[in-house]
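This report refers to the structure that appears directly beneath it.
Letters go in sequence order (proteins before strands), and every chain restarts at 1.
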Amino acid sequence: MNRYNFKTVEKKWQEYWSHNNTFITSSDKTKRKFYCLEMFPYPSGKIHMGHVRNYTIGDVLARYKKLNGYNVLHPMGWDSFGMPAENAARSNNLDPKKWTEKNISVMKTQLQKLGLSIDWGREISTCTPEYYKHQQRFFLELFDKKLVYRKENYVNWDPVDQTVLANEQVIDGKGWRSGAIVERKKLNQWFFNIQKFSEELLLGLENLNDWPNKVKIMQKNWIGKSYGCEIDFEIENCNEFEKIKIFTTRPDTLFGCSFLALSVDHPLSKLFKDDSKFKDFKNQCNKMGTTEEAIAQAEKLGFNTNLFAKNPFDKNIKVPIFFANFVLMDYGFGAIFGSAGHDQRDLDFARKYNLDVIPVVKPIDHDGDLIIKDKAYTGPGIIYNSKFLNGLTAPDESVLETIKILENKKLGSKKINFRLKDWGISRQRYWGCPIPIAYDENDNIVKIPESMLPIKLPENINLNTKGNPLNHQEDWRKIKIDGKVCYLETDTLDTFVDSSWYFLRFCSPKNKNYGFQIDDVNYWMPVDQYIGGVEHAILHLLYSRFFMQALNYKNSKFNITEPFAGLFTQGMVCHETYKDSNGNWLNPDEVFTDDGKKFFKKSKKNESVEVGPSESMSKSKKNTIDPEEIIQSYGADAVRLFIMSDSPPEKDVQWSDEGMESSYKFILKLWGLHQKIIKKINANEKNNINENINKFTNSLIKKITNNIENFRYNVIIANFHEMYNFMSKELDNSLNSTELANNYSKILVMLNPFIPHFSSECLDELSKLKKMDNEIWPKIDEKYFENENINLVIQINGKKRDVIEIEKDTNEDTIMNIIKNNEKLRNHIMGKEIIKKILVPNKIINLIVK
RNA sequence: GCCCUCGUGGUGAAAUUGGUAGACACAAAGGACUUAAAAUCCUUGCCGCUUGCGGAGUGCCAGUUCGAGUCUGGCCGAGGGCACCA
């Protein structure tokens with residue numbers, strides 16, 4: 001028996017696929033299509049196990065769809081702009097372009113070794129002018145549609161490095177590199193008007209039936225539509241400000257209003273600009289953590305203006321006006337009214353400053369006044385304490401009714417608010433797509449004419465400058481537009497812009513004049529299955545959805561509004577973490593164990609190692625396993641098999657050496673089985689047809705087809721183990737060789753999406769006439785599911801007592817006869833009265849006895 | 001604090017619509033083969049007594065049902081998301 005040599009077999013088939021253009025997408029638009037896309041990687045240097053999992057999940061589906069006769073688009077590209085290249089280049093004095101290109105070539109080779117069915121002819125890289133040229137064109141298109149604008153916005157500013165910092169570069173309020181205290185600074189920045197499509201983006205979610213609910217809910221919360229109204233409050237004795245406009249979702253609690261709270265950035269703060277106590281208060285607010293959780297638990301703080309506002313419903317009721325740390329300027333109008341009885345934050349605030357708490361909603365069955373202690377009542381109920389609003393059902397009826405009254409009295413009006421903010425796309429960095437805008441001598445915005453695109457990034461420049469390197473490129477910045485000297489914008493685009501349309505580019509990757517060709521896009525889009533990490537649940541996916549809305553806007557030819565029909569978010573690959581006695585992280589191959597319990601350092605055999613919890617593989621915790629090494633020792637098929645086998649794809653999977661080993665052994669076992677099968681086939685046995693094998697294969701096809709459609713890949717691997725166990729036993733019987741070959745080729749086709757090299761090799765050995773490229777996914781023969789004996793479960797008083805094998809659709813009387821003649825069952829029934837029989841045909845019979 | 005998801009053997013997990021709980025694997029223990037080891041194969045979830053059988057059992061407590069891992073309510077625990085969003 002020859003040993004399976006994965007190295008030669010995998011190399012052979014990878015070369016075969018490449019030479020035969022097996023995965024080059026057909027241009028035949030009459031075929032039904034399937035667009036399978038995995039989130040493209042950032043070329044960081046090497047692929048990691050997360051990539052292996054992501055791309056294997058997609059590859060299984062792509063190969064399966066191809067075997068089912070679909071015209072499959074399964075492309076790959078590189079999300080190649082971004083900070084890591086700039087940082088790496090800066091610290092090692094390299095060119096970001098060369099660094100990126102080198103990483104791409106390494107990672108491409110690694111991906112190819114996995115045997116993925118990718119059409120490399122469509123490879124794209126976002127940092128190439130061939131790609132970003134079209135992006136600049138889109139930018140100008142959006143500019144013309146007035147979906148792009150410029151405004152001042154706050155940024156994290158490092159005063160020493162003279163640069164803008166990303167949130168993750170701010171550590172404890174200090175710049176990660178310089179250590180300088182980060183300032184809030186206003187800069188002119190470019191924005192996409194994503195808010196304009198808030199309603200569309202929210203509504204669109206409803207039709208995305210093949211998206212995980214979790215992701216839809218996250219996006220829904222992010223968009224944050226709230227229905228309410230704006231109300232004007234008059235201020236007493238104040239010349240500069242007569243009114244304050246507030247937004248509320250609970251106007252029905254207006255009679256419960258006991259104060260007004262304003263953001264420290266509210267226009268009214270002008271009145272206190274010289275007040276040192278107010279300045280201190282404002283500083284204190286700015287210092288507060290910005291995460292929702294940190295602030296939800298933080299103490300509510302206020303600054304009393306000593307001004308009073310009149311309740312619009314009763315001008316005799318006057319309430320104090322405060323600045324408060326829990327009110328934000330960029331939502332609503334930066335002002336709220338405090339309804340202390342029915343909002344927890346308002347209540348906390350009222351208690352702190354001894355303000356009134358006036359309950360105005362009480363539960364339907366509650367008698368008398370509602371006593372509020374330290375918990376606000378936010379549930380449904382009846383309005384009371386509220387004059388003409390009394391008796392309304394809260395919140396649905398009361399909110400609508402109150403808005404109507406406010407509108408009639410011209411005190412306020414209905415308003416729908418979204419918490420979604422516009423998308424800031426300016427980055428003060430070098431390694432990104434240049435914004436195709438220039439400024440004339442008077443700082444007026446000048447569009448770059450299309451004929452001048454692309455605006456290419458300057459190459460080989462000095463990156464070790466303060467601030468944005470492009471600011472120092474005087475020659476590059478100077479540009480003549482219509483004979484006028486202008487200066488190029490030095491901000492580059494957020495890399496999320498690059499990934500917001502790359503899936504369109506894959507449809508026409510070589511199109512020169514425009515980002516895509518409309519008939520290609522109409523054929524391929526939307527992406528039928530998009531696969532990636534849940535970490536992109538909001539930003540990338542929402543921005544891509546926005547981009548389709550933006551292209552679609554005022555464009556009758558572009559009819560796509562949703563880019564991804566199906567979404568699958570895979571779990572992470574985890575591994576235990578190790579620390580030595582000094583608390584340094586250790587890589588798994590720096591440690592060893594004899595008993596699986598106590599771990600020691602390989603370099604110092606008596607130094608024990610602390611084993612930490614299993615966490616997502618990351619370089620910082622050193623708990624990574626290098627896919628390349630694993631492929632080297634076990635082969636791509638074995639890695640694919642392992643990464644699919646242990647856990648459902650949407651859940652985290654634990655890396656285990658034992659599991660990897662076992663997947664490898666399974667391949668060897670399958671090879672042993674293959675040898676036996678081939679031998680049996682070559683023996684040319686002409687026995688009667690073995691219906692057992694036919695039945696088994698049929699039910700296997702049914703199971704696997706169903707499981708593959710539902711991403712239950714781990715169960716399929718178990719199905720393959722069952723197949724191995726069954727076939728190993730069955731081969732001892734006398735068989736019909738033709739029938740065996742027939743069944744075996746079906747099994748090999750089903751193995752193909754998972755272990756493509758192995759199955760191709762086996763099929764090749766089975767018959768030189770067969771090639772996986774020409775095979776189709778096996779069909780079920782229904783006849784094997786008809787007239788089959790079934791196992792009927794016998795329950796007595798709901799407890800399983802026996803299982804009997806009977807003919808399908810046996811009637812109740814016959815079943816009862818069998819039960820009565822069954823000694824074991826008779827004991828349970830004897831001397832008792834059967835009061836009820838429940839028969840679920842072909843499944844179960846439950847006898848209730850007394 | 002708010003929102004979401006999930007709790008099944010020593011471990012990862014199976015269980016189409018409520019209908020045989022623990023498929024399939026990993027680990028451990030015992031056994032077989034072997035001079036021995038490796039490899040391979042077999043057995044083993046828990047409690048009780050004699051093969052066999054009986055009992056309990058899917059985080060906890062109730063409920064619906066002939067029947068609940070699955071449905072409902074409450075509690076406990078773990079994980080994830082969060083931009084103070086009024």
Side-chain angles (χ1 to χ4, degrees), chain A residues 167 212-218 220-226 228 246-251 253 261 263 285 288-298 300 324-328 330-339 342-346 348 378 417-421 534-535 537-538 595-596 642 645-648 650-654 656-663 665-666 669 672 702-703 706-707 710 712 714-725 791-803 824 827 835-840 842-849:
Chain A
N167 281 332
N213 236 344
K214 177 172 68 172
V215 174
K216 287 194 277 188
I217 289 167
M218 280 162 79
K220 196 180 163 196
N221 292 341
W222 193 262
I223 295 167
K225 181 179 180 176
S226 53
I246 62 98
F247 174 73
T248 180
T249 54
R250 291 302 299 270
T253 63
S263 156
C285 291
M288 231 167 55
T290 49
T291 71
E292 193 177 328
E293 201 229 337
I295 287 150
Q297 325 247 18
K300 304 290 172 284
N325 62 351
F326 62 95
V327 181
L328 285 181
D330 54 5
Y331 186 78
F333 304 105
I336 61 156
F337 82 75
S339 171
H342 308 290
D343 183 289
Q344 194 57 47
R345 283 160 311 185
D346 295 353
D348 293 344
T378 53
N417 237 325
F418 291 94
R419 77 197 263 269
L420 181 64
K421 291 177 196 164
V534 72
E535 66 273 18
I538 298 171
D595 57 1
F642 169 66
S645 67
D646 257 12
S647 295
E650 71 276 10
K651 281 179 70 175
D652 287 355
V653 63
Q654 298 299 320
S656 90
D657 295 338
E658 292 80 10
M660 184 60 243
E661 187 81 22
S662 130
S663 292
K665 277 184 197 157
F666 186 52
K669 279 160 78 175
K702 195 174 183 178
K703 278 191 214 169
N706 191 22
N707 286 333
N710 292 296
R712 289 203 298 255
N714 55 324
V715 185
I716 297 175
I717 308 304
N719 295 150
F720 286 140
H721 280 282
E722 283 167 350
M723 181 277 293
Y724 171 84
N725 293 339
N791 290 325
L792 187 85
V793 175
I794 318 285
Q795 288 188 345
I796 294 169
N797 288 341
K799 275 202 177 107
K800 181 183 111 178
R801 291 300 173 188
D802 206 358
V803 184
K824 208 157 67 179
N827 291 337
I835 40 178
K836 200 168 178 185
K837 288 178 218 153
I838 300 107
L839 176 66
V840 182
N842 302 322
K843 266 196 178 153
I844 201 161
I845 184 162
N846 189 7
L847 303 179
I848 309 304
V849 300

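For Ile246(A) and A86(B), the CD1 to P distance is 13 Å, given to the nearest whole Å. The CG-P distance, from Asp802(A) to G19(B), rounds to 20 Å in whole Å. Distance, Asp652(A) CG to A78(B) C1': 13 Å, rounded to whole Å. Between Tyr331(A) atom OH and A86(B) atom C1' the separation is 7 Å, expressed in whole Å. Atom NZ of Lys669(A) is separated from atom P of A39(B) by 13 Å (rounded to the nearest Å). Between the CD atom of Glu722(A) and the C1' atom of C24(B) there is a distance of 6 Å, rounded to whole Å. Computed from coordinates, the Lys800(A) NZ to G69(B) P distance equals 14 Å when rounded to whole Å. In this structure, Arg712(A) places its CZ atom 7 Å from C1' of U16(B), rounding to the nearest Å.
Here the straight-line distance linking atom OG1 of Thr253(A) with atom CG of Asp343(A) works out to 8.5 Å at 0.5 Å rounding. Atom-to-atom distance recorded for Leu847(A):CG and Lys837(A):NZ is 7.5 Å, nearest 0.5 angstrom.
Of the candidates C85(B), U40(B), U20(B), the closest approach to any side-chain atom of Lys665(A) belongs to U40(B). The side chain of Phe247(A) sits closest to A86(B) out of A13(B), C66(B), A86(B). For Val793(A), the side-chain atoms get nearest to U20(B) when compared with the rest of U20(B), C66(B), A13(B). Distances from the side chain of Ile217(A) to the nucleotides C66(B), G55(B), C4(B) place C4(B) closest. Of the candidate nucleotides A86(B), C85(B), A25(B), C85(B) has the atom lying nearest to any side-chain atom of Arg345(A). Ranking G55(B), C3(B), C26(B) by closeness to the Asn221(A) side chain, first place goes to C3(B).
In this structure, G9(B) is classed as syn because its glycosidic torsion stays within 90° of zero.
Ile848(A) comes within contact range of the sugar-phosphate backbone alone, with a heavy-atom separation under 4.0 Å but no base atom that close. At a threshold of 4.0 angstrom between heavy atoms, the contacts of Glu658(A) are confined to the sugar-phosphate backbone, with no base atom among them. Nucleic acid contact for Val327(A): base, since at least one base atom lies under 4.0 Å from a heavy atom of the residue.
Each of Ser662(A) and Lys702(A) was matched to the nucleotide of RNA chain B holding its nearest heavy atom; the match closer to the 5' end belongs to Lys702(A). Annotation: of the two residues near RNA chain B, Asn706(A) and Ala324(A), the 5′-most nearest-nucleotide partner is Asn706(A).
With a cut-off of 3.5 Å on both Watson-Crick or G-U wobble distances, the partner of G52(B) is given as C49(B). Nucleotide A32(B) forms a pair with U40(B), judged by Watson-Crick or G-U wobble geometry with both contacts under 3.5 Å. C26(B) is paired with G10(B) under the Watson-Crick or G-U wobble criterion, all donor-acceptor distances under 3.5 Å. Pairing partner, G1(B): C82(B), with both Watson-Crick or wobble hydrogen-bond distances short of 3.5 Å. With a 3.5 Å ceiling on both atom-pair distances, A15(B) lacks any Watson-Crick or G-U wobble partner. Searching all strands for a Watson-Crick or G-U wobble partner of G73(B) with both distances below 3.5 Å returns C61(B).
One finds no side-chain N or O of Lys799(A) lying less than 4.0 angstrom from the OP1 or OP2 phosphate oxygen of G19(B). Dashed line: the shortest gap from a side-chain N or O of Arg419(A) to OP1 or OP2 of C82(B) is not under 4.0 Å. OP1 or OP2 of A25(B) lies within a sub-4.0 Å distance of a side-chain N or O belonging to Asn725(A). At the phosphate of U11(B), neither OP1 nor OP2 sits under 4.0 Å from any side-chain N or O atom of Ser656(A). The shortest distance between the side-chain N/O atoms of Lys214(A) and the OP1/OP2 oxygens of U5(B) is not below 4.0 Å. For A13(B), the OP1/OP2 oxygens have a side-chain nitrogen or oxygen of Ser647(A) closer than 4.0 Å. Between A14(B) and Asn714(A), a contact under 4.0 Å exists linking OP1 or OP2 to a side-chain N or O.
Among all heavy-atom pairs drawn from Phe247(A) and Tyr331(A), the shortest one is CE2-OH, 4.1 Å. In terms of heavy atoms, Phe337(A) sits closest to Arg250(A) at CZ-O, 3.7 Å. Closest approach of Ser645(A) and Asn714(A) over heavy atoms only: O-CB, 3.3 Å. Residue Leu792(A) comes nearest to Leu839(A) through the heavy atom pair CD1-CD1, 4.5 Å, listed as atom of the first residue, atom of the second, then distance.
A gap of 16 Å separates the C1' atoms of A25(B) and U44(B), to the nearest Å. Using atom P as the reference point in both G54(B) and U5(B), the two lie 41 Å apart (nearest Å). Separation of the P atoms belonging to C6(B) and C41(B) is 37 Å when rounded to the nearest angstrom. Using C1' as the reference atom, G22(B) and C3(B) are 33 Å apart when rounded to the nearest Å. For A14(B) and C24(B), the C1' atoms lie 7 Å apart once the distance is rounded to whole Å. Look at the P atom in both G1(B) and U70(B): the space between them is 28 Å, to the nearest Å. For the C1' atoms, the distance linking G81(B) with A29(B) amounts to 44 Å, nearest Å. Between the C1' atoms of C76(B) and G30(B), the separation comes to 39 Å (whole Å).
Between Gln795(A) and Ile844(A), some side-chain heavy-atom pair lies under the 4.5 Å cut-off. For the pair Thr248(A) and Ile336(A), the minimum side-chain heavy-atom distance is 4.5 Å or more.
Annotation: Lys216(A), atom NZ; neighbour count of heavy atoms from other residues, nucleotides and ligands within 6.0 Å is above 12.
Evaluation of atom-type donor-acceptor distances gives no pair under 3.5 Å for the side chain of Lys651(A) against the base of U5(B).
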